[in-house]
Amino acid sequence: MPLAAIVRKDVRDSIRSGSFIATTLLFVLVAGFWAVIQHVPPMYSDTTAPTSTLALLNSMGQPMAFFVPLLGLAISYGAIARERDSGTLRLALSLPNSRSDVVLGKFVGRTAVLSIAILSGYAVVAGIALLTYESFAAVKFILYTLLTGFYGTVYVAIGIGFSSAMKSQQRALGGAVGLYFFFQLGWDLVTAILQTVTVGYIPPESGVPPWLIVVDALNPTSAVGYATRAIIPTFDEIMSYPVSASFYPPKWAGFAILTAWLVLSLGYGHRRFQLTDIQ
């Protein structure tokens, strides 16, 4: 099957290039660091939530939000653009492979690489927690691990979609860097400007307008926060700071937003790739 062959080749190429090992080691080190220091964030409300596994996952929220997108984009931005530059993409398409097979195969292959890295890192975290923590919420930890994998998959899809549309690896790299900083910093800056212009730098007691909260929630980084609290309700009790607003999107909307980013990114990349001449 052409698709399966592309996936196998992509995983093998990742292993040979060292990106597979580097991605796995980086995530293991980052995740293990947060597990070892056993950071417990301050609690801002009376809660019966255990200050062990749940607190660990909460403290890992920031590195998950910042580091997983970095890895997802790093291993996917050149998946197609690099082969376009080297000429191997033209060879691949001369075989019984469709352009759809290439896009989907690259997506599945890079997702497999990132998923193994995440599972390896969280396996180390689980081992540290089991050995050193007073309690371990295994089910919640597994759910959080699966959500982290899904979150990484979304950024792989964004990277693959972008790589499919770029004509060179250099442009793809510049675009990936720009996308990362836009999602991590630029989006917040835009919403802050919109808030300042519409209701002022300090929001009124009634909270910011609902439409502005929706704009903020459309950021994948914000969406994964809603998704986290949907599958682990006690996260609401151990959030790092209290939030007041006039409107809250439903927590399940986080999954809908992440899924939309995944589907639309691959769809955009596939469409652009279909219309592009391969030199």
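Values in this document were obtained by computation on a predicted structure and should not be read as measured data.
The CG atom of L146 lies 10.5 Å from the OH atom of Y122; values are rounded to the nearest 0.5 Å. The CG atom of L266 sits 7.5 Å away from the CG atom of L104 when rounded to the nearest 0.5 Å. From L147, atom CG reaches atom CD1 of I232 across 7.5 Å, with rounding to the nearest 0.5 Å.
Heavy atoms only, all atoms of each residue included: I257 and A217 are closest at CD1-O, 3.2 Å. The heavy-atom pair separating G149 from I118 by the smallest distance is CA-CD1, 3.9 Å. Nearest heavy-atom pair, V103 versus I160, reported as atom, atom and distance to 0.1 Å: O-CG2, 3.9 Å. Here the closest non-hydrogen pair linking T191 and L212 is O-CD1, 3.9 Å. Closest non-hydrogen pair, A112 versus V11, comes out as CB-CG2, 4.4 Å. Taking both residues in full, the closest heavy atoms of K251 and A230 are given as CB-CB, 3.7 Å, listed atom of the first, atom of the second, then distance.
Taken together through direct or relayed side-chain contacts under 4.5 Å among Ile, Leu, Val, Met, Phe, Trp and Tyr, W211 and W187 form part of one hydrophobic cluster. One hydrophobic cluster, built from ILVMFWY side chains closer than 4.5 Å, holds both F67 and L185. Cluster membership check: W252 does not share its hydrophobic cluster with V214, using side-chain heavy-atom separations under 4.5 Å among Ile, Leu, Val, Met, Phe, Trp and Tyr. Follow the hydrophobic side-chain contacts under 4.5 Å out from V68 and you never reach L119; the two are in separate clusters. The hydrophobic clustering, which links ILVMFWY residues whose side-chain heavy atoms are closer than 4.5 Å, places V154 and Y268 apart.
Side-chain atoms of T153 never come within 3.5 Å of backbone atoms of T111 as a donor-acceptor pair (strictly under, hydrogens ignored). With hydrogens and angles ignored, the 3.5 Å screen pairs no side-chain donor or acceptor of R82 with any backbone N or O of Q169. Formation of a donor-acceptor pair under 3.5 Å by the S163 side chain with backbone atoms of I80 is found in this model.
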query = side chain to side chain contact (heavy atoms under 4.5 Å, CB included) between L114 and F27: does it pass, once the steps are laid out?
reply = CA-CA 9 Å; L114 184 60; F27 197 82; over 6 Å; no
inquiry  = For S120 and I116: C-alpha separation, side-chain torsions, deciding distance, then whether side chain to side chain contact (heavy atoms under 4.5 Å, CB included) applies.
reply    = CA-CA 6 Å; S120 300; I116 293 174; 4.0 Å; yes
task = In sequence, state the C-alpha distance, the side-chain angles, and the governing distance for F255 and I231, and then conclude on side chain to side chain contact (heavy atoms under 4.5 Å, CB included).
result = CA-CA 10 Å; F255 288 101; I231 62 173; 3.4 Å; yes
V224/M64 under side chain to side chain contact (heavy atoms under 4.5 Å, CB included): CA gap, chis, key distance, verdict = CA-CA 10 Å; V224 78; M64 186 266 273; 4.2 Å; yes
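Under the 4.5 Å side-chain criterion, counting only non-hydrogen atoms from C-beta, L179 is not in contact with Y77. Inter-residue side-chain proximity for Y180 and V177 is flagged as unmet; no heavy-atom pair is nearer than 4.5 Å.
Here F183 pairs with Y155, W261 under the ring-ring contact (aromatic ring centres under 6.0 Å, His included) rule; sequence neighbours left out. Qualifying ring-ring contact (aromatic ring centres under 6.0 Å, His included) partners for F162, counting only residues two or more places apart in sequence or in other chains: none.
Both tests hold for R229 against Y226: distance to the six-membered ring centre under 6.0 Å, angle to the ring axis within 45°.
Counted by atom type alone, H270 and S164 present zero donor-acceptor pairs between their side chains at under 3.5 Å.
The environment of R271 atom CZ is sparse: at most 12 non-hydrogen atoms of other residues, nucleotides or ligands sit within 6.0 angstrom. F182 CZ: more than 12 foreign heavy atoms inside a 6.0 Å radius.
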